[in-house]
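Presented below is the structure to which this report refers.
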Amino acid sequence: MAVLNRVPIEIEKRLLLASILGFFWGSAIGTFCWVGLFNAIEEKIVHLEEYLPTPAKDAQFVLVEIDRIPVDRPWPWPRLEYSLFLRSLIPQMPQSVVLDVLFTDRGPRLDSFDETFRSLINRLNRVCFAGAALKTESLAPQQFLFEKFLVRGNPSLLPKYGSAFWPSTDLTEGNPVGINNLGVGAKRKIRAVPLFFQLKDNLVPSLTLVAAASYMQASIGNSEARLNKAFLLRNSTGNILRRIPLDSEGRMQLRYKRFPSGIIRIKYDDFLLYADQMARGIKPAFDLNLLHGKQIWLGVTDPAVINWVETDMGKMSPVEIKLEAARQIVQGDFLRRTPKGVAFVFLFLFSVLAPRLFVRFSFLKALGLFLVLFGTVVGTSVAGFILFNLVFPLASFLFVSLGVILCGLSARFWKFHVISLKSPHLERVEAALERIEKKFLHDGSKFNQ
């Protein structure tokens with residue numbers, strides 16, 4: 001039998017109850033956040049946050065895009081085309097050049113200008129070449145020259161490749177080579193790019209990593225990959241220049257921007273026209289002097305030649321994605337996740353302390369204070385994302401906030417009961433004693449009269 005205790009309940013008891021309820025709620029949501037149960041929702045929120053404007057970055061990269069392959073200049077192009085391109089670049093003195101084109105095809109039409117091509121390469125500061133990894137081992141053995149680096153962790157999760165298309169060492173002597181694969185399935189939206197590949201028994205850097213290292217004057221040979229943690233990009237003296245977040249498959253997550261990221265784009269034919277105009281003393285429509293000291297990428301964007309890839313920004317050409325990844329490395333523009341331990345402690349403390357507002361204050365005042373606190377946390381997380389690329393688990397925080405309101409209201413309106421546990425025999429005895437007591441009192445009152 002339950003008897004309602006009508007004595008007012010002390011405020012301390014309700015505060016304690018609010019914290020106890022919040023303890024269990026916060027423990028559950030914090031654990032779900034820790035194990036990644038809300039990861040899919042968190043990613044959707046990150047995609048929405050990427051619509052926000054971000055501070056402008058300096059233009060450090062230029063993409064010269066081959067957006068159209070004429071009928072009279074079938075693909076692949078001979079070395080003569082690239083010789084004209086490099087010759088036009090020399091007066092602008094670029095910091096480095098990245099050729100996202102495979103120089104593996106041979107033949108009189110293609111390699112008749114190799115000597116001129118090599119001499120122009122030697123006149124530039126540094127030229128990065130591209131190779132392509134294949135799953136099969138059907139190709140004849142080749143000599144691969146690349147910088148080796150230290151890897152810590154379990155490389156068994158890395159995708160394995162058996163052979164590669166590799167440019168001739170006669171062309172690449174003294175210049176770095178990186179694999180230009182994106183490493184994604186045909187129907188997947190790309191959210192990350194690999195920084196290195198497992199080619200047979202070797203770990204070979206990607207073109208993105210090689211290009212970023214060239215711009216930053218880093219040494220891949222002195223660098224270190226810590227799988228599922230970070231790639232430590234070092235210079236020749238061993239100092240860390242950049243910590244690149246890395247997953248267990250050696251990939252770096254992309255930071256898509258829906259606002260200009262500071263990359264200059266020029267069409268290949270327009271570039272040759274502007275260079276010719278400058279050489280003849282004619283002021284071109286675009287000032288090529290802006291290319292001085294920048295990294296110049298040359299790649300194909302013609303959808304008739306290469307397959308574009310699905311991204312959160314729509315379809316993009318592979319060279320654009322690799323260039324964007326290199327820009328992120330150079331500018332340190334990474335998505336930084338809030339450490340799981342920090343997120344768990346914050347969510348837990350918030351769920352334990354915030355419900356007490358609904359006990360200590362009136363409902364409207366408590367709700368107002370809670371909304372101010374909620375808005376402060378959300379606003380701070382958004383500001384951290386815009387300014388520092390810091391990703392806070394907002395989905396988990398929303399679930400915790402819902403539970404805080406429920407826990408606070410439950411503690412505020414909880415009905416406390418005093419439970420009397422008695423056996424049926426004992427209740428019958430007490431009833432008999434009560435009747436005797438009433439009868440005795442009734443008889444006693446008559447006797448006194």
Side-chain angles (χ1 to χ4, degrees), residues 57-63 93-101 121 124-133 144-152 158 164 166-167 169 171-183 192-199 202-227 229-247 250-255 261-263 293-299 318-334:
K57 301 287 186 179
D58 294 333
Q60 299 166 300
F61 298 88
V62 178
L63 171 60
M93 297 179 63
Q95 192 273 345
S96 54
V97 180
V98 180
L99 300 177
D100 190 15
V101 180
I121 290 173
L124 292 165
N125 181 31
R126 174 168 287 193
V127 179
C128 304
F129 289 87
F144 302 129
L145 298 179
F146 56 89
E147 289 188 271
K148 297 183 179 180
F149 53 91
L150 179 64
V151 177
R152 299 185 186 275
L158 297 176
W166 210 255
T169 55
L171 296 177
T172 64
E173 185 177 2
N175 293 281
V177 181
I179 294 179
N180 69 353
N181 298 51
L182 290 177
V193 293
L195 292 187
F196 47 87
F197 297 80
Q198 187 170 11
L199 180 57
N202 300 306
L203 294 177
V204 184
S206 68
L207 182 62
T208 292
L209 182 59
V210 164
S214 296
Y215 187 90
M216 300 177 67
Q217 298 182 5
S219 170
I220 293 180
N222 288 339
S223 300
E224 175 185 346
R226 298 177 180 178
L227 296 179
K229 292 183 180 179
F231 188 94
L232 306 182
L233 188 61
R234 294 189 169 98
N235 59 15
S236 57
T237 60
N239 295 325
I240 297 177
L241 301 178
R242 193 73 74 229
R243 293 179 182 269
I244 309 170
L246 204 64
D247 66 10
R251 301 176 303 176
M252 178 194 80
Q253 185 170 8
L254 290 171
R255 166 75 168 94
S261 57
I263 296 176
K294 294 179 172 56
Q295 185 173 86
I296 314 299
W297 282 62
L298 177 68
V319 65
E320 293 177 271
I321 296 173
K322 286 171 275 191
L323 173 53
E324 180 62 24
R327 180 201 64 79
Q328 290 181 216
I329 295 175
V330 171
Q331 298 179 350
D333 195 12
F334 310 119

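If you read the sequence from its start, that first residue is 1, and numbering goes on from there.
- Gln253 meets the side chain to side chain contact (heavy atoms under 4.5 Å, CB included) test with Glu43, Arg191, Leu335, Arg337; sequence neighbours excluded.
- Checked by atom type and distance alone, the side chain of Ser206 never pairs as donor or acceptor with a backbone atom of Gly178 at under 3.5 Å.
- Atoms CD and CZ, on Glu224 and Phe231 in that order, are 9.0 Å from each other to the nearest 0.5 Å.
- The shortest heavy-atom contact between Val204 and Trp166 is CG1-CH2, 3.8 Å.
- The two atoms that bring Leu199 and Ala164 nearest to each other are CD2-CB, 3.9 Å, heavy atoms only.
- Residues Ser219 and Glu147 share a closest heavy-atom pair of OG-OE2, 4.2 Å.
- The distance from atom OG of Ser223 to atom CG of Leu233, rounded to the nearest 0.5 Å, is 4.5 Å.
- Atoms CG and CZ, on Leu158 and Arg251 in that order, are 10.5 Å from each other to the nearest 0.5 Å.
- The two residues Ala130 and Val177 come nearest to each other via the heavy atoms C-CG1, 4.2 Å.
- Under the side chain to side chain contact (heavy atoms under 4.5 Å, CB included) criterion, Val151 pairs with Phe149, Leu203, Ala225, Leu227, not counting sequence neighbours.
- Residues satisfying the side chain to side chain contact (heavy atoms under 4.5 Å, CB included) test with Leu241, not counting sequence neighbours, are Met216, Ala218, Asn235.
- Between Lys148 and Asn202 there is a side-chain heavy-atom pair separated by less than 4.5 Å.
- Atoms CG and OG, from Asn175 and Ser96 in turn, are 10.5 Å apart once rounded to the nearest 0.5 Å.
- The shortest heavy-atom contact between Leu298 and Val101 is O-CG2, 4.2 Å.
- At a threshold of 4.5 Å between non-hydrogen side-chain atoms, the residues Glu320 and Glu324 do not count as touching.
- Each of Gln331, Gln295, Arg327, Lys294 was compared with Gln60 under the side chain to side chain donor-acceptor pair (under 3.5 Å) criterion, and only Gln331 meets it.
- If you take CD on Gln95 and CG on Leu124, they are separated by 11.5 Å, rounding to the nearest 0.5 Å.
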Per-pair distances, 0.1 Å, donor-acceptor, side chain in residues 207-215, under 3.5 Å, sequence neighbours excluded:
{"residue": "Thr208", "atom": "OG1", "partner": "Lys322", "partner atom": "O", "Å": "3.4"}
{"residue": "Ser214", "atom": "OG", "partner": "Val210", "partner atom": "O", "Å": "2.9"}

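- In this structure, Ile220 and Phe196 have side chains that are not in contact, with every pair of non-hydrogen atoms separated by 4.5 Å or more.
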If you apply the rule side chain to side chain contact (heavy atoms under 4.5 Å, CB included), what do you find for Ile263 with Trp297, and how did you get there? CA-CA 10 Å; Ile263 296 176; Trp297 282 62; over 6 Å; no

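- Gln328 CD to Leu323 CG: the interatomic distance, rounded to the nearest 0.5 Å, is 10.5 Å.
- Side-chain contact check for Arg243 versus Leu232: some heavy-atom pair is nearer than 4.5 Å.
- Applying the ring-ring contact (aromatic ring centres under 6.0 Å, His included) rule to Phe146 yields no partners; only residues at least two apart in sequence or on another chain are considered.
- With sequence neighbours excluded, no residue forms a side chain to side chain contact (heavy atoms under 4.5 Å, CB included) with Glu173.
- Closest approach of Asn181 and Gly131 over heavy atoms only: OD1-O, 4.3 Å.
- Inter-residue side-chain proximity for Arg242 and Phe334 is flagged as met; some heavy-atom pair is nearer than 4.5 Å.
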